[in-house]
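In what follows, a single structure is set out as structure tokens and then discussed.
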Amino acid sequence: MSKSKVLVVGGTGYIGKRIVKASLAQGHPTYVLMRRELGYEIEKVQMLLSFKQQGAQLIEGSFDDHQSLVDAVKQVDVVICTMSGVQFRSHNILLQLKLVDAIKEAGNIKRFLPSEFGIDPSRMGHTLIDYGNETFTDKMVVRKAIEDAKIPHTYISANCLAGYFVGNLSQLNNSLLPPKHRVSIYGDGNCKAVFLDEDDVATYTIMTIDDPRMLNKTLYLRPRKNILTHNQLVEKWEKLSDQKLEKLHISAQDFLASMKGVDDSAFQAALARIYHIYYEGCLMNFEITEGGEEATMLYPQVRYTLMDEYLQRYL
Ligand code: NDP
């Protein structure tokens, strides 16, 4: 079977650039949307040119020009969108509705993967914390549009990406680097979370696109050795760095109280994410049912990165 042609929309982003790399590595004819609006964003333009040097094709288009999106979509079989979805960068998830309209009109797409790559939004409807929930509600609006239009799809639930959650041991101190002396531990630190190397997320994502087992399903990334408690994550760093950190346990009540005084919505959203993951245990508090599959079970041939390996780069 020949490999599907893939269009990546949002290819210069944190996840997007890895999706482009994985798509090329797995031998897919790979296309990347090049937005006219990039203007003088030299880093992005040069990244796009480097994709071309690596074998990708650039397709010019704009979210303000519906026909350009339809024309782009018509050239491929699969569309993967990695549109920005983090509050403190730029949150644009709903822009994808324009892409959904284009895919609907083009009518040729065999699989669409919208910008998800995090906590499964369908499981976050009844959380008590309302900060930062627009990411979940917007992702659900996009899912509804996809499903209403009967577009074949796959959703990727990637859990905690290591660059945000592992390098800084999930601290909320405006840094992505490991803390030097003390570390906040959420609750008793024993709630299970799941951590992923971003490149592994991209590898698993590309493996789904021609896989009939993943049609209209959610792929949950739960590599067994990367299911760790906060305590275990901190211990890994202490062992690697050969340094003990002072632990400050924060009760759920104190954590919630600390959220009240915050008026920066991006920071509120980050706090809420930590609360969902480390106090509510939202990543591992459900079984995967028939609408989902687990990545390492479907693709045991992938050698995923362990978090001690990931942390080496911070030494
Ligand atoms: P980025 O912030 O890196 O942005 C991705 C791309 O979106 C940009 O490079 C740009 O692509 C495109 N974009 C941004 N603004 C616009 C706009 N106004 N119009 C059109 N395109 C725009 O995104 P991330 O990679 O951080 O996020 C991708 C997904 O991953 C999101 O759904 C997010 O929620 C999720 N995520 C999950 C994390 C986790 O820990 N599980 C952590 C971080 C993100 P271009 O200029 O190339 O068109």
Side-chain angles (χ1 to χ4, degrees), residues 7-21 30-52 56 58-65 68-69 72 79-99 102 113-121 124 132-143 155-168 170 176 193-202 204-205 219-222 226 266 269-270 272-274 276-278 282-283 307 310:
L7 171 67
V8 183
V9 177
T12 64
Y14 167 58
I15 306 288
K17 64 180 176 218
R18 295 174 161 98
I19 298 279
V20 174
K21 188 174 131 201
T30 303
Y31 299 70
V32 186
L33 189 79
M34 178 168 65
R35 291 185 301 121
R36 288 175 206 144
E37 292 77 18
L38 283 184
Y40 289 108
E41 291 196 57
I42 184 75
E43 291 296 337
K44 284 191 173 191
V45 172
Q46 293 199 334
M47 195 189 300
L48 287 164
L49 294 172
S50 79
F51 293 152
K52 192 162 77 169
L58 306 178
I59 305 185
E60 228 182 289
S62 166
F63 275 80
D64 295 328
D65 177 353
S68 74
L69 292 182
V79 178
I80 304 177
C81 183
T82 52
M83 182 68 74
S84 194
V86 177
Q87 268 83 352
F88 54 82
R89 281 152 76 85
S90 69
H91 182 82
N92 287 305
I93 288 296
L94 284 181
L95 258 188
Q96 289 181 104
L97 294 174
K98 296 189 178 189
L99 190 56
L113 282 66
S115 188
E116 293 247 344
F117 307 104
I119 299 173
D120 181 348
M124 300 307 288
N133 281 352
E134 57 270 37
T135 310
F136 305 131
T137 42
D138 289 358
K139 285 181 177 176
M140 288 309 287
V141 168
V142 174
R143 280 191 182 195
Y155 304 136
I156 307 291
S157 178
N159 296 313
C160 296
L161 298 186
Y164 279 112
F165 288 91
V166 171
N168 62 3
S170 296
L176 292 171
V194 192
F195 304 98
L196 267 300
D197 179 307
E198 298 83 353
D199 286 310
D200 293 342
V201 172
Y204 286 120
T205 299
L219 185 76
Y220 294 94
L221 275 54
R222 288 183 175 180
N226 289 358
R273 221 51 98 237
I274 291 289
H276 297 316
I277 294 165
Y278 289 112
C282 71
L283 302 180
M307 287 306 113
Y310 193 96

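For ligands, and for the atoms within them, numbers begin at 1 and follow the listed sequence.
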How far is [atom] from its nearest protein heavy atom, and which residue and atom is that?
atom	result
atom 3 (O) of ligand 1	R89 NH2, 2.7 Å
atom 12 (C) of ligand 1	M83 SD, 3.9 Å
atom 25 (O) of ligand 1	I15 N, 3.0 Å
atom 37 (C) of ligand 1	F117 O, 3.3 Å
atom 35 (C) of ligand 1	E116 O, 3.4 Å
atom 34 (O) of ligand 1	K139 NZ, 2.9 Å
atom 42 (C) of ligand 1	Y164 CD1, 3.5 Å
atom 32 (O) of ligand 1	S115 OG, 2.8 Å

Roughly how far apart are [X] [atom1] and [Y] [atom2], rounded to 0.5 Å?
X	Y	atom1	atom2	value
I80	L33	CD1	CG	13.5 Å
R18	E198	CZ	CD	4.5 Å
L221	L196	CG	CG	4.5 Å
L69	D64	CG	CG	9.0 Å
S115	N92	OG	CG	10.0 Å
I119	R273	CD1	CZ	5.5 Å

Are the side chains of L99 and L95 in contact, using a 4.5 Å heavy-atom criterion? no

What atoms in ligand 1 come closer than 4.0 Å to a heavy atom of [X]?
X	answer
N159	39 (C), 40 (O), 41 (N)
F165	40 (O)
I93	32 (O)
G11	47 (O)
L95	17 (C), 18 (N), 19 (N), 20 (C)

Hey, does [X] sit under 4.0 Å from ligand 1 if you only count heavy atoms?
X	answer
L38	yes
E41	no
L33	no

Should [X] be counted as touching ligand 1, given the test is an N or O pair under 3.5 Å?
X	answer
L161	yes
A158	no
T12	yes
G13	yes
N92	yes

Which option out of K44, K17, R35 puts a heavy atom nearest to atom 20 (C) of ligand 1? R35

Determine, considering heavy atoms only, which of S84, G118, G16, G85 sits nearest to atom 7 (O) of ligand 1. S84

Apply side chain to side chain donor-acceptor pair (under 3.5 Å) to T137 and list each qualifying residue two or more places apart in sequence or on a separate chain. none

For E37, which residues count as a side chain to side chain donor-acceptor pair (under 3.5 Å) partner, sequence neighbours excluded? S62

Is the closest basic N to carboxylate O distance between R143 and D120 below 4.0 Å? yes

Worked verdict on N133 versus M124 for side-chain contact (heavy atoms from CB on, under 4.5 Å): CA-CA 8 Å; N133 281 352; M124 300 307 288; 5.9 Å; no

Given ring pair (Phe, Tyr, Trp, His ring centres under 6.0 Å), test F195 with Y310 step by step and report yes or no. CA-CA 10 Å; F195 304 98; Y310 193 96; 10.0 Å; no

If you apply the rule side-chain contact (heavy atoms from CB on, under 4.5 Å), what do you find for I274 with F165, and how did you get there? CA-CA 9 Å; I274 291 289; F165 288 91; 4.2 Å; yes

In sequence, state the C-alpha distance, the side-chain angles, and the governing distance for V45 and M34, and then conclude on side-chain contact (heavy atoms from CB on, under 4.5 Å). CA-CA 8 Å; V45 172; M34 178 168 65; over 6 Å; no

